[in-house]
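Structure first, commentary second.
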Amino acid sequence: MNSKERIAKRVAKEFKPGNIVNLGIGLPTLVANYVPKDMNIFFHGENGVLGIASEVSEEKANPDLINAGGKFIDIIPGAMFFDTSFSFGLIRGGHLDYTVLGALQVDEEGHLANWMIPGKLIPGMGGAMDLVTGAKKVIVAMTHTTKGKPKIVKKCNLPLTSTRRVDLIVTEYAVIEPTDKGLILKEIAPDITVEELKKITDAKLIIPDDLKIMEV
Amino acid sequence: MNSKERIAKRVAKEFKPGNIVNLGIGLPTLVANYVPKDMNIFFHGENGVLGIASEVSEEKANPDLINAGGKFIDIIPGAMFFDTSFSFGLIRGGHLDYTVLGALQVDEEGHLANWMIPGKLIPGMGGAMDLVTGAKKVIVAMTHTTKGKPKIVKKCNLPLTSTRRVDLIVTEYAVIEPTDKGLILKEIAPDITVEELKKITDAKLIIPDDLKIMEV
Amino acid sequence: MKIVKAEEAISSVNDGDSLMIGGFLGVGTPETLIDELIKQNKKNLTIICNDTSFENKGIGKLIYNKLARKVITSHIGTNKETQRQYIEKELEVELVPQGTLIERIRAGGVGLGGVLTPTGVGTIVEEGKQVIEIDGKKYLLEKAIRAKVALIKAKRADHVGNLQFALTAINFNPMMGLAADLVIAEVEELVPTGVISPEHVQFPGALVDYVVIGGRSK
Amino acid sequence: MKIVKAEEAISSVNDGDSLMIGGFLGVGTPETLIDELIKQNKKNLTIICNDTSFENKGIGKLIYNKLARKVITSHIGTNKETQRQYIEKELEVELVPQGTLIERIRAGGVGLGGVLTPTGVGTIVEEGKQVIEIDGKKYLLEKAIRAKVALIKAKRADHVGNLQFALTAINFNPMMGLAADLVIAEVEELVPTGVISPEHVQFPGALVDYVVIGGRSK
């Protein structure tokens with residue numbers, strides 16, 4: 001199991017039966033692979049669907065049916081389509097139980113930056129700002145570092161996605177909970193020590209007495 | 001033809017083919033009787049329908065299908081149903097060509113009062129405030145007096161429905177256009193003189209050179 | 001979503017709760033749920049609704065049986081009892097323009113702080129409200145509104161709780177379903193999942209807490 | 001409503017016009033109308049859209065052919081040419097959060113002055129905007145937006161011009177149809193009035209100016 005799969009598998013454990021979940025493009029999409037079908041999770045695509053089943057092959061593709069990443073998809077029985085205004089009504093209105101997003105940076109206050117690198121990469125925020133502002137729980141799913149550089153930093157120097165504190169950070173090495181006291185290390189992977197983890201984390205980590213070993 | 005029918009018939013002449021029109025409860029409802037079918041007017045009911053055909057008998061009634069006055073109705077081919085938010089989106093967004101409403105008072109500034117008599121009659125504004133604020137053209141359809149008392153007054157002393165100037169006032173005796181100069185008498189009924197009309201009108205009427213005789 | 005009897009669903013309503021109730025002059029109103037509120041004799045309710053219907057129909061029955069402390073509504077003209085209680089100060093009534101009422105409910109449901117509407121500017125509806133000028137035009141700031149419970153009415157539900165409304169019986173129902181902590185939907189029939197096409201579902205079952213099978217519209 | 005060829009419909013668009021164009025990554029985008037804009041070589045357009053799609057698809061083709069002076073959009077990440085023109089200052093880009101963009105369009109279409117949203121508070125999206133506090137919570141005042149023309153895409157139209165959209169191809173289309181002075185709808189097929197049930201019509205034909213029959217989605 002590679003890093004991304006490990007992250008996806010761990011994130012999937014957070015959901016409860018019947019939850020409404022929005023998975024961001026890229027790594028977060030993999031989370032769906034680890035969610036048992038009988039949990040009846042409703043996967044939401046901000047482009048206008050509740051009840052995504054999975055991506056489909058070219059032969060099964062309907063040109064009018066995509067997810068928010070532009071991939072052709074299939075739907076579950078009991079799915080629903082709607083326009084963008086209803087879709088973001090669900091998002092902003094607090095009707096999504098979880099949104100899982102990637103990040104460029106997360107900081108000690110739990111702030112997330114994931115939509116631009118000034119002067120370099122300007123994809124735009126798409127639905128990310130609304131998702132982070134509106135979902136009941138925000139989970140950041142990302143590799144712990146990029147090209148060896150820590151992504152969990154003291155203070156984001158990239159433009160923030162929202163001033164709302166995210167609820168959980170899941171990397172291949174750690175599960176971290178941002179709180180008003182700071183970042184609490186909840187779980188650590190079995191193949192890394194706390195000291196090693198601190199070396200690849202810029203932000204201060206609070207190590208609690210009941211630190212658990214991450215199931216990988 | 002009684003007063004109300006005369007008013008309704010005259011109002012109906014204002015519409016153009018394909019117009020979207022909302023008719024208020026009471027007298028304004030009669031206007032539909034004088035609109036030729038081939039004008040393809042879309043009658044709007046703020047309760048959630050575009051394309052009202054007519055009221056229907058008990059036998060044809062569907063309990064889920066009413067107009068804004070609570071009467072059972074039928075619809076035209078090409079009608080559409082929607083929720084209240086879309087319905088008032090059409091109203092407030094300027095998508096209605098005409099709204100025809102009754103009035104308690106209209107004044108020299110073209111202001112309309114039609115939703116309450118303090119301490120006495122408090123039905124509430126329902127959709128009237130939005131209709132008068134949002135429709136492209138507002139037509140007041142009412143009898144010229146109530147129990148002999150003028151309804152076209154210098155200044156409304158009842159609570160206003162909107163500060164938007166109405167576009168036309170049609171009574172059994174006159175067609176009056178409120179402008180920034182005042183109320184211009186556009187048409188007068190053949191069975192009344194200008195002097196007689198002035199006696200039953202509290203507001204000042206401007207009599208133009210090209211005053212027309214109202215077709216009744 | 002759980003399919004339950006009216007009795008169980010309504011037992012979640014407490015005295016003093018705020019309730020949004022769907023319907024327009026009784027059409028699209030959950031009559032079975034209303035009868036159960038009366039049966040369980042709930043007290044001091046704040047009711048948010050388009051109108052108070054007629055004395056013997058829909059929301060009118062709640063007024064007649066004195067379950068309400070306050071009504072936030074656009075129209076009470078069809079119910080003399082509401083007007084009587086209001087004039088005699090037995091009932092608090094907040095009159096809101098219909099388009100403003102639905103937008104305030106929608107704002108509450110979709111996470112907006114309020115509504116900037118031209119409706120009511122310069123009238124007594126403006127009293128006590130902030131007026132905001134945008135590009136030279138005045139708008140009232142009308143605050144978002146939410147309720148503890150929404151009682152809504154649909155024609156049918158599937159086994160997921162997805163709802164479909166009938167004709168003009170849709171009115172306030174879907175927006176109210178977004179704007180309350182607990183959503184109870186009365187339906188006339190239950191159909192297998194898939195009978196309502198995903199393109200025709202009008203309210204997602206994932207947001208419905210209880211479905212109650214009631215009678216047919218009359 | 002008039003049924004016309006793309007050529008006639010697009011001849012109503014003038015250089016410098018503001019255009020709303022439906023679609024999400026090209027799905028639900030009126031390709032025939034876009035091709036005609038390019039054929040008629042319209043210039044200096046302001047385009048309001050969710051995203052700029054891909055270089056060879058949908059709105060991306062307008063960018064590639066340099067018809068746009070400005071784009072108001074939520075995402076340009078799938079189109080390198082948009083990013084290049086933006087960085088090299090050949091194109092003005094206003095980035096708007098997607099939920100704010102659709103609400104601003106809706107506000108323009110339904111007669112509201114603006115939107116009070118928590119999205120963007122405390123971020124660079126807040127810059128230059130009014131922050132309004134309601135009951136202790138901060139909201140950005142995001143202004144309503146309208147356009148001269150809306151180019152929307154539906155699956156089918158009936159003879160009245162009533163529209164029905166397909167699956168996720170609905171996205172921005174109906175709200176854009178409310179927020180423009182002229183509405184041009186591209187559809188894949190025309191059906192007799194009544195084939196689309198009044199309960200399934202998603203946009204009223206009474207608000208559609210031109211219907212253009214285009215190709216099938218690919």
Side-chain angles (χ1 to χ4, degrees), chain A residues 25 45-50 52 61-75 79-94 109 111-113 115-116 118-134 156 158-164, chain D residues 22-28 50-54 57 73-79 82-83 86-87 93-103 105-106 109-110 117-126 138 153 155 165-176 188 202-203 216-218:
Chain A
I25 299 170
E46 62 265 34
N47 59 314
V49 53
L50 187 61
I52 295 171
N62 179 303
D64 292 317
L65 180 50
I66 58 168
N67 63 17
K71 303 279 199 251
F72 295 118
I73 57 164
D74 202 352
I75 55 168
M80 172 184 184
F81 299 108
F82 32 71
D83 83 322
T84 308
S85 117
F86 192 91
S87 189
F88 279 81
L90 293 179
I91 292 171
R92 210 192 305 96
E109 291 180 83
H111 289 163
L112 161 70
W115 69 280
M116 79 175 288
K120 215 173 139 188
L121 182 77
I122 319 156
M125 65 292 279
M129 283 195 170
D130 295 285
L131 282 160
V132 176
T133 304
C156 289
L158 296 176
L160 293 187
T161 304
S162 173
T163 54
R164 175 247 177 93
Chain D
F24 188 108
L25 294 177
V27 170
N50 178 62
D51 57 77
T52 58
S53 190
F54 308 95
K57 195 176 180 187
T73 189
S74 82
H75 199 262
I76 59 173
T78 54
N79 190 327
T82 312
Q83 294 186 68
Y86 177 36
I87 288 166
V93 176
E94 181 183 336
L95 288 170
V96 182
Q98 201 168 131
T100 301
L101 184 59
I102 188 67
E103 278 296 315
I105 293 168
R106 179 178 183 274
V110 304
T117 179
T119 303
V121 169
T123 74
I124 62 175
V125 168
E126 183 180 309
K138 285 179 180 170
K153 164 76 197 295
K155 197 72 182 176
F165 305 95
L167 312 170
T168 54
I170 177 168
N171 53 68
F172 278 67
N173 286 297
M175 288 303 156
M176 285 179 165
E188 296 181 21
Q202 291 170 301
F203 192 81
R216 298 250 161 203
S217 303
K218 279 188 275 273

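Please read these numbers as outputs of a predicted model, since none were measured by experiment. Keep in mind that the numbers below use all heavy atoms, side chains included, and drop hydrogens, waters and symmetry copies.
Heavy-atom pairs under 4.5 Å with chain D were tallied for A:Pro123, A:Gly45, A:Pro159, A:Gly48; the largest tally goes to A:Pro123. For the set A:Pro63, A:Gly69, A:Gly119, the count of heavy-atom pairs under 4.5 angstrom toward chain D peaks at A:Pro63. Your options are D:Thr52, D:Val96, D:Thr78, and the one with the most heavy-atom pairs under 4.5 Å with chain A is D:Val96. Put simply, of D:His75, D:Gln202, D:Arg216, D:Arg106, the one with the most heavy-atom pairs under 4.5 Å next to chain A is D:His75. Heavy-atom pairs under 4.5 Å with chain A were tallied for D:Gly77, D:Ala169, D:Gly99, D:Gly26; the largest tally goes to D:Gly99. Taking A:Gly134, A:Ser85, A:Gly127 one by one and counting their heavy-atom pairs under 4.5 Å with chain D, the maximum is reached by A:Ser85. Between chain D and the options A:Leu160, A:Asn47, A:Thr163, the largest number of non-hydrogen pairs under 4.5 Å is found for A:Asn47.
Applying the side-chain hydrogen bond (donor to acceptor under 3.5 Å, both in side chains) test to A:Asn62 and every residue at least two apart in sequence or in another chain returns nothing. Take A:Ser87 and apply the side-chain contact (heavy atoms from CB on, under 4.5 Å) test, not counting sequence neighbours, and it matches A:His44, A:Glu46, A:Phe82.
Residue A:Met80 does not touch chain D at all, counting heavy-atom pairs closer than 4.5 Å. At a 4.5 Å heavy-atom cutoff, the contact between D:Leu167 and chain A is made by backbone and side-chain atoms alike. Of the atoms belonging to D:Ile87, it is side-chain heavy atoms, and not backbone ones, that fall under 4.5 Å from chain A. With a threshold of 4.5 angstrom between heavy atoms, A:Ala68 approaches chain D through its backbone and through its side chain. Interface residue A:Leu65: backbone and side-chain heavy atoms are both found under 4.5 Å from chain D. Within the 4.5 angstrom heavy-atom criterion, only side-chain atoms of D:Tyr86, from C-beta onward, approach chain A. A:Ser162 touches chain D through its backbone: at least one of N, CA, C or O sits under 4.5 Å from a heavy atom, while the side chain does not. Proximity to chain D is limited to the side chain of A:Thr133, based on heavy atoms less than 4.5 angstrom apart.
Inter-residue side-chain proximity for A:Phe72 and D:Val27 is flagged as unmet; no heavy-atom pair is nearer than 4.5 Å. Using a 4.5 Å heavy-atom threshold, the side chains of D:Leu95 and A:Met125 count as touching. Proximity of A:Phe88 to D:Gln98: side-chain heavy atoms (C-beta onward) are separated by under 4.5 Å at one or more points.
Judged purely by atom type and a 3.5 angstrom limit, A:Asp64 has no side-chain atom pairing as donor or acceptor with the backbone of D:Ala166.
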Problem - Intermediate values then yes/no, side-chain contact (heavy atoms from CB on, under 4.5 Å), A:Asp83 and D:Asn173 - result: CA-CA 8 Å; A:Asp83 83 322; D:Asn173 286 297; over 6 Å; no
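Looking at every heavy atom in both residues, D:Pro118 comes nearest to A:Arg92 through CD-CD, 4.0 Å. Residues D:Pro97 and A:Asp130 approach most closely at CB-OD2, 3.7 Å, considering heavy atoms.
The distance from the OG1 atom of D:Thr168 to the CD1 atom of A:Ile73 is 6.0 Å, given to the nearest 0.5 Å. Distance check: D:Thr123 OG1 to A:Arg164 CZ gives 15.0 Å after rounding to the nearest 0.5 Å. We find the CE-CD1 distance between A:Met116 and D:Ile124 to be 5.0 Å, quoted to the nearest 0.5 Å.
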